Amino acid sequence: QLQLVESGGGLVQPGGSLRLSCAASGFTLDYYAVAWFRQAPGKEREGVSCVRSTGGYTTYADSVKGRFTISRDNAKNTVYLQMNSLKPEDTAVYYCAKGPTGYCSGYISWGSWGQGTQVTVSS
């Protein structure tokens, strides 16, 4: 079965950190760019970050730039999103998705996979 499974979410206070994981099974992520998205209640789906298949290029939404870091470990078939200096407005369900190629071009249009993982930032 081909799956992407998001995990690592939870409840943190403002200024705290979380690391999300996007783990693939049934196929390898080596050939594909991978992106993170999020959606909060009443808000549009937002592209957060993307990493090329090689890991040599990353891009971030302005809202998270400087606070979030995307990375990948192809040996573990997993992509990560390290989230630091979390703000209440980061509260959302976070999803990951793979691209059709190894590049991040047009990643906003990719469909999200899996159930997502809930991130709640609150005191």
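Note that the structure is a prediction, hence the values are computed from the model and not measured. Quick note: residue numbers are just sequence positions, from 1.
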Exercise. Are side-chain heavy atoms of Met83 and Val119 found at a separation under 4.5 Å?
Worked result: yes
Exercise. Between Thr28 and Asp30, is there a donor-acceptor pair closer than 3.5 Å when you use the side chain of the first and the backbone of the second?
Worked result: yes
For this session: Report yes if some heavy atom in the side chain of Val12 is under 4.5 Å from a heavy atom in the side chain of Thr120; otherwise report no.
Result: no
Problem set entry | Note, Thr59 side chain near Ser49 side chain (heavy atom, < 4.5 Å) | no
Problem set entry | Evaluation steps, side-chain contact (heavy atoms from CB on, under 4.5 Å), between Thr69 and Tyr60 | CA-CA 8 Å; Thr69 303; Tyr60 300 90; 3.8 Å; yes
Exercise. So, Trp113 versus Phe27, ring centres under 6.0 angstrom or not?
Worked result: yes
Problem set entry | Over all atoms of both residues, closest heavy-atom pair of Leu20 and Trp36 | CB-CH2, 3.6 Å
Problem set entry | Gln82 CD to Ser21 OG distance, which is reported to the nearest 0.5 Å | 10.0 Å
For this session: List the atom of Leu86, the atom of Arg67, and the distance in Å for their closest heavy-atom pair.
Result: CA-NH1, 3.9 Å
Exercise. How close do Val79 and Ile70 get, heavy atom to heavy atom, and via which atoms?
Worked result: CG1-CG1, 3.9 Å
Exercise. Which pairs pass salt bridge (Lys or Arg N to Asp or Glu O under 4.0 Å) with one or both residues in residues 31-43, sequence neighbours excluded?
Worked result: Arg38-Glu46, Arg38-Asp90
Problem set entry | Where Thr91 and Ala40 come nearest, the two heavy atoms and their spacing | O-CB, 3.5 Å
For this session: Check whether any side-chain heavy atom of Pro14 lies under 4.5 Å from a side-chain heavy atom of Ser123, and answer yes or no.
Result: yes
For this session: Could you state whether Tyr32 and Leu81 fall into the same hydrophobic cluster, counting links through intermediate Ile, Leu, Val, Met, Phe, Trp or Tyr residues with side-chain heavy atoms under 4.5 angstrom apart?
Result: yes
Exercise. Considering only heavy atoms from C-beta outward, does the side chain of Cys22 approach that of Lys98 to under 4.5 Å?
Worked result: no
For this session: Could you tell me whether a side-chain N or O of Asn84 sits under 3.5 Å from a main-chain N or O of Ser17, the two making a donor and an acceptor?
Result: no
Exercise. Looking at Arg45 and Ile108, what are the two nearest heavy atoms and their distance?
Worked result: NH1-O, 3.3 Å
Exercise. How many angstroms lie between CG in Leu29 and CG in Leu4, if you round to the nearest 0.5 Å?
Worked result: 6.0 Å
Problem set entry | Closest heavy-atom pair and its distance - Asn74, Ser53 | ND2-O, 3.5 Å
Exercise. Is the side chain of Arg72 donor-acceptor paired with the backbone N or O of Arg52 at a distance under 3.5 Å, no angle test?
Worked result: yes
Exercise. Side-chain contact, heavy-atom cut-off 4.5 Å: Cys50 with Tyr57?
Worked result: no
Problem set entry | Beyond-backbone contact of Val93 with Gln39, side-chain heavy atoms, under 4.5 angstrom | no
Exercise. Are any side-chain N or O atoms of Thr78 and backbone N or O atoms of Asp73, one a donor and one an acceptor, separated by less than 3.5 Å?
Worked result: no
For this session: Provide the full list of ring pair (Phe, Tyr, Trp, His ring centres under 6.0 Å) pairs with a residue in residues 67-106, sequence neighbours left out, each pair given once.
Result: none
Exercise. Linking I/L/V/M/F/W/Y whenever their side-chain heavy atoms sit closer than 4.5 Å, directly or via other members, would Val64 and Val51 fall into one cluster?
Worked result: yes
